[in-house]
Every structure is written in C-alpha cells, then in structure tokens.
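Let me begin by presenting the structure, written as structure tokens, before commenting on it.
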Amino acid sequence: MEKTKILIAYGTRYGATTSTAEEISKVLQGEGFEVRVVNLKEEKVKDISKFELVIIGSGMKMEMWTSKAKAFLNKFSGELKKKKVAIFVSSGARALMEYKGEHDEIIRITKKYLEDKASKYDLNPISMTMFGGIWDYNQIGKIYRKFLNAERENFIPAGIKETEPGVYDSRNWDEIRKWAKELAQMI
Ligand SMILES: Cc1cc2nc3c(=O)[nH]c(=O)nc-3n(C[C@H](O)[C@H](O)[C@H](O)COP(=O)(O)O)c2cc1C
C-alpha cells in the first residue's frame with residue numbers, strides 16, 4: 001500500500017528551522033508516512049496536490065516570517081484552504097519572554113506569528129505552534145549585535161544552552177517530537 005504523503009516546506013535565515021523540520025520529518029517517517037522536506041530557498045514547490053498534510057515552517061526575525069515561506073503561502077493559498085495544514089515558527093524570543101515572565105508578550109507574539117498569519121490566508125490549521133530557535137552570535141550582523149549583546153547574559157539563566165561557542169539554542173526537542181507525533185495521530 002502506498003504511504004500517505006506529507007510535505008514540510010519551510011523558510012530559514014539562521015538554520016534552526018532546517019533541523020527542526022528534519023526532526024519532525026524523522027518522527028513522521030517513523031510513524032509510517034512518506035515525508036518530503038523542502039527548504040524553500042533552495043527548491044521550488046510546483047505542486048502540492050499529492051500531499052495529505054502540508055506543514056509550513058518559518059524562522060522569525062524582527063517579528064517577520066521569511067519571504068520564502070510567505071511566498072509559499074501566497075502561491076498556494078487557494079489550495080491550502082482545502083487541505084490539512086499545520087504551521088510552526090522558530091522563535092528565539094519566546095524562551096526569553098518565559099524567563100522574564102512576560103506572559104502578555106507571549107500571547108501577543110503567538111497571535112502575531114501564528115494566528116494572524118493563518119487568518120490572513122484564510123487557513124484553518126489542524127495545529128499551530130511556536131518552537132525555540134537559535135541565536136548565533138557568529139552570524140549576527142553589526143546592526144543587531146549591539147542590541148543582542150544586551151540579551152546574551154540572560155540566555156544561561158533562562159535555561160538556553162550554548163551548544164557551540166557563541167551559539168545559543170532554545171529548542172526543546174521533546175516538545176518538537178511530541179508535536180510531530182500528535183500530527184501523525186490527526187491524519
Ligand atoms: C536580528 C534578529 C532578530 C530576531 N528577531 C526575532 C523576533 O522578532 N522574534 C523571535 O521570536 N525571534 C527573533 N529572533 C530569533 C530567531 O527567531 C531565531 O534566530 C530563530 O532560530 C530563527 O529561525 P531560523 O534559524 O530558521 O532563521 C531574531 C534573531 C535575530 C538574529
């Protein structure tokens with residue numbers, strides 16, 4: 001019997017969304033699905049008709065999705081309305097907000113990054129979520145560095161691990177795997 005097909009199409013700037021998408025794919029393949037993972041910067045998606053579920057992922061920067069993930073939503077918005085869709089974003093801000101107890105801010109960004117985006121494209125996703133991300137001080141340009149240096153001292157107290165020199169990763173891999181398993185049960 002043919003396996004049910006899932007597409008994970010994502011946009012990334014600093015690379016976190018790539019490894020998050022790959023982990024989601026690994027779990028879904030383990031659950032018996034055929035998964036195609038597409039980095040939208042490297043590959044164009046021409047046709048989504050054969051996919052039972054389309055998962056769209058984007059990294060966040062200055063509260064904005066990547067242009068490639070937005071372009072994907074624009075291109076396929078008509079078809080996506082009729083499909084099972086799930087959305088995730090990679091957010092470096094969430095863990096810092098949790099650490100600082102900024103609960104209203106978390107509610108605000110959840111609405112802005114996820115709910116407003118789904119509404120804009122008239123989508124009714126089966127699930128939407130916000131994962132952590134990476135802060136890579138080796139990749140951060142001069143303009144942002146000054147501002148982000150002020151945050152750097154908060155990472156370790158916030159429980160964000162330095163996974164390589166200058167790279168702080170706020171992702172919770174169990175949370176990512178759990179979400180993927182839940183999606184598998186919804187289709
Ligand atoms: C200049 C800059 C701006 C950022 N702005 C935001 C933001 O507005 N909200 C947020 O949640 N994370 C923000 N982040 C953290 C990113 O979400 C994090 O780096 C994440 O890994 C991005 O996904 P990507 O690695 O797939 O590009 C920012 C990071 C940088 C370097």
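Counting convention: from 1, in listed order, for ligands and their atoms alike. Only a predicted model underlies this, so the values are computations on that prediction, with no experimental measurement involved.
- Side-chain atoms of Ser58 come within 3.5 Å of backbone atoms of Thr66 as a donor-acceptor pair (strictly under, hydrogens ignored).
- The closest protein non-hydrogen atom to atom 16 (C) of ligand 1 is Met60 O, 3.1 Å.
- Geometrically, Arg152 engages Tyr137 in a cation-pi contact defined by less than 6.0 Å to the ring centre and at most 45° from the axis.
- Any N or O atom pair closer than 3.5 Å counts here, and Gly92 shares at least one such pair with ligand 1.
- Ion pairing between Glu31 and Arg177 fails under the 4.0 Å rule for side-chain N and carboxylate O.
- Listed by number with element, the atoms of ligand 1 under 4.0 Å from a non-hydrogen atom of Thr17 are 23 (O), 24 (P), 26 (O).
- Trp135 CZ3, 3.3 Å is the protein heavy atom nearest to atom 29 (C) of ligand 1.
- A salt bridge does not link Lys83 with Glu79: none of the charged nitrogens is closer than 4.0 Å to a carboxylate oxygen.
- Considering both main-chain and side-chain atoms, Ile140 never comes within under 3.5 Å of ligand 1 through any nitrogen or oxygen pair.
- Distances between N or O atoms of Ile109 and those of ligand 1 include no value under 3.5 Å.
- Near Met62, the atoms of ligand 1 lying under 4.0 angstrom from a non-hydrogen atom of the residue are 3 (C), 4 (C), 5 (N), 6 (C), 7 (C), 8 (O).
- At least one N or O atom of Glu63, backbone or side chain, sits closer than 3.5 Å to an N or O atom of ligand 1.
- Looking at Gly11, Ala69, Gly59 and measuring to atom 23 (O) of ligand 1, the nearest heavy atom belongs to Gly59.
- When Ala93, Ser90, Ser170, Gly132 are ranked by how near their heavy atoms come to atom 10 (C) of ligand 1, first place goes to Ala93.
- By the 4.0 Å heavy-atom criterion, Tyr10 is excluded from the residues contacting ligand 1.
- Close approach of ligand 1 to Ile134 is summarised as follows: ligand atoms under 4.0 Å from at least one heavy atom of the residue are 18 (C), 19 (O), 20 (C), 21 (O).
- Proximity of Asn149 to Lys146: side-chain heavy atoms (C-beta onward) are nowhere separated by under 4.5 Å.
- If you look at Tyr14 next to ligand 1, the close heavy atoms, those under 4.0 Å, come from the backbone and the side chain alike.
- For ligand 1, none of its N or O atoms has an N or O atom of Thr18 under 3.5 Å away.
- Under a 4.0 Å criterion applied to the non-hydrogen atoms of Ser91, ligand 1 contributes the atoms 10 (C), 11 (O), 17 (O).
- Residue-to-ligand polar distances keep Gly133 apart from ligand 1: every N/O pair is separated by 3.5 Å or more.
- Below 3.5 Å of separation, one finds no N or O of Lys61 facing any N or O of ligand 1.
- Residue contacts with ligand 1: Arg94 is placed with no nitrogen or oxygen under 3.5 Å of a nitrogen or oxygen of the ligand (distance criterion only).
- Ring to ring, Trp65 and Tyr113 are not that close: their centroids are 6.0 angstrom or more apart.
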